[in-house]
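Down below is the structure, laid out as structure tokens.
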Amino acid sequence: GALRFNGRPMSPVSDYTFMLGVTRIMFTVDKDGKPILAEGNNNGDIQRHFFESAWAPTATDLASFAGDWYSEEAQARFTFAVEGDKAFVVQRPVLKLQMTPLYKDHFSAGSFVVWFTRDRAGKIDKLHVGGSRMRDMPFELVRN
């Protein structure tokens, strides 16, 4: 019976506005009343969270991401591997992180977020990795 964010209860203030501790969270809804944006304001520090539909990629969807990826900046190479309906980031000799689909073209893996961008034709052109101290580390496909 309570709206929660990361397990913490949110207190209603008015229609579509809640408090989470000292943070005021306002929801924007579409014409059908479905949330499309949550905007948090903590003393002028604004965070925007957009709602996305859950994504359950098929094995064919996952196969389109498979290959070896390289970052010149990180001087690192790893493999995006697919085993059945599961995807993994593999960096030999010991790293193998299972990817959890978040929403279209986005995954979580351990403490990292991995996402893919596409060119104008819809073809995957880059893989990006973000984490606590890294916002966007781009990788190029070097072998499918």
Side-chain angles (χ1 to χ4, degrees), residues 1-13 15-21 23-42 45-144:
L3 184 60
R4 296 181 176 277
F5 183 82
N6 287 338
R8 294 176 48 208
M10 298 173 62
S11 304
V13 174
D15 286 350
Y16 309 118
T17 302
F18 296 81
M19 293 301 293
L20 179 65
T23 302
R24 177 180 297 271
I25 299 178
M26 292 178 47
F27 290 88
T28 302
V29 298
D30 65 14
K31 63 180 174 34
D32 299 321
K34 179 182 173 189
I36 55 174
L37 171 70
E39 187 172 78
N41 185 338
N42 183 355
D45 183 18
I46 307 292
Q47 289 188 355
R48 290 181 180 89
H49 301 272
F50 296 91
F51 288 82
E52 295 284 345
S53 297
W55 182 47
T58 65
T60 302
D61 292 333
L62 293 175
S64 67
F65 303 116
D68 292 341
W69 296 84
Y70 178 75
S71 170
E72 181 70 35
E73 183 178 348
Q75 294 289 300
R77 181 182 182 135
F78 65 84
T79 300
F80 187 99
V82 177
E83 297 173 10
D85 64 348
K86 297 194 179 353
F88 300 87
V89 166
V90 179
Q91 192 172 37
R92 302 208 186 311
V94 294
L95 179 69
K96 184 176 184 180
L97 293 174
Q98 184 171 348
M99 310 287 284
T100 302
L102 296 172
Y103 49 92
K104 186 161 176 46
D105 295 347
H106 290 70
F107 300 84
S108 65
S111 62
F112 297 99
V113 176
V114 176
W115 69 97
F116 294 85
T117 53
R118 297 174 182 268
D119 63 19
R120 290 179 189 237
K123 183 178 177 194
I124 295 165
D125 63 354
K126 284 192 175 51
L127 177 150
H128 304 263
V129 177
S132 63
R133 291 185 152 152
M134 174 180 51
R135 294 202 187 270
D136 181 2
M137 179 68 65
F139 285 75
E140 303 283 337
L141 183 64
V142 292
R143 183 186 66 82
N144 335 27

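As the structure is a prediction and not an experimental result, all values here were calculated from the model.
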* Derivation and outcome, side chain to side chain contact (heavy atoms under 4.5 Å, CB included), residues Ser108 and Val114 -> CA-CA 6 Å; Ser108 65; Val114 176; over 6 Å; no
If you draw a 6.0 Å radius around [atom1] in [X], do more than 12 non-hydrogen atoms from other residues or ligands fall strictly inside?
{"X": "Tyr16", "atom1": "OH", "value": "no"}
{"X": "Arg135", "atom1": "CZ", "value": "no"}
{"X": "Met137", "atom1": "CE", "value": "yes"}

Closest heavy-atom contact between [X] and [Y]?
{"X": "Ala66", "Y": "Val82", "result": "CB-CG2, 4.2 Å"}
{"X": "Ala59", "Y": "Gly84", "result": "CB-O, 3.5 Å"}
{"X": "Phe112", "Y": "Val129", "result": "CD2-CG1, 3.8 Å"}
{"X": "Ile25", "Y": "Ala38", "result": "CG2-CB, 4.3 Å"}
{"X": "Met10", "Y": "Arg4", "result": "SD-C, 4.2 Å"}
{"X": "Phe50", "Y": "Leu37", "result": "CE2-CD1, 3.6 Å"}

Got a second to check how far [X]'s [atom1] is from [Y]'s [atom2], nearest 0.5 Å?
{"X": "Asp15", "Y": "Met26", "atom1": "CG", "atom2": "CE", "value": "11.0 Å"}
{"X": "Thr23", "Y": "Gln47", "atom1": "OG1", "atom2": "CD", "value": "7.5 Å"}
{"X": "Glu140", "Y": "Lys126", "atom1": "CD", "atom2": "NZ", "value": "4.0 Å"}
{"X": "Asp68", "Y": "Leu127", "atom1": "CG", "atom2": "CG", "value": "11.5 Å"}
{"X": "His106", "Y": "His128", "atom1": "NE2", "atom2": "NE2", "value": "8.5 Å"}
{"X": "Met99", "Y": "Leu97", "atom1": "CE", "atom2": "CG", "value": "8.0 Å"}

* To do: Any chance you could lay out the side chain to side chain contact (heavy atoms under 4.5 Å, CB included) test for Asp85 and Thr58, step after step, and finish with the verdict?
  => CA-CA 7 Å; Asp85 64 348; Thr58 65; over 6 Å; no
* Does Asn42 reach the main-chain N or O of Asp45 with its side chain, forming a donor-acceptor pair under 3.5 Å? -> no
* Asked: Sub-3.5 Å donor-acceptor pair from the side chain of Asp30 to the main-chain atoms of Asp32, do we have one?
  -> yes
* To do: Applying salt bridge (Lys or Arg N to Asp or Glu O under 4.0 Å), run through Arg118 and Asp125 and close with a yes or a no.
  => CA-CA 5 Å; Arg118 297 174 182 268; Asp125 63 354; over 6 Å; no
Quick one: are the ring centres of [X] and [Y] less than 6.0 Å apart?
{"X": "Phe80", "Y": "Phe107", "result": "yes"}
{"X": "Phe65", "Y": "Phe116", "result": "yes"}
{"X": "Phe78", "Y": "Phe139", "result": "yes"}

* How far apart are the C-alpha atoms of Glu52 and Lys104, what are their side-chain angles, what is the distance that settles it, and do they pass the salt bridge (Lys or Arg N to Asp or Glu O under 4.0 Å) test? -> CA-CA 8 Å; Glu52 295 284 345; Lys104 186 161 176 46; over 6 Å; no
* Taking the side chain as every heavy atom from C-beta outward, state whether Val29 and Lys34 have any pair of such atoms under 4.5 Å apart. => no
* **Thr28 and Glu39, any side-chain heavy atoms less than 4.5 Å apart** => no
Sequence neighbours excluded and cut-off under 3.5 Å, please list the side-chain donor-acceptor pairs for residues 87-96, or say none.
| from | atom 1 | to | atom 2 | distance (Å) |
| --- | --- | --- | --- | --- |
| Gln91 | NE2 | Arg77 | O | 3.1 |
| Lys96 | NZ | Glu83 | OE2 | 2.9 |

* Asked: Should the ring pair Phe27 and Phe18 be called parallel, tilted or perpendicular, given that the plane angle runs from 0 to 90° and is split at 30 and 60?
  -> perpendicular
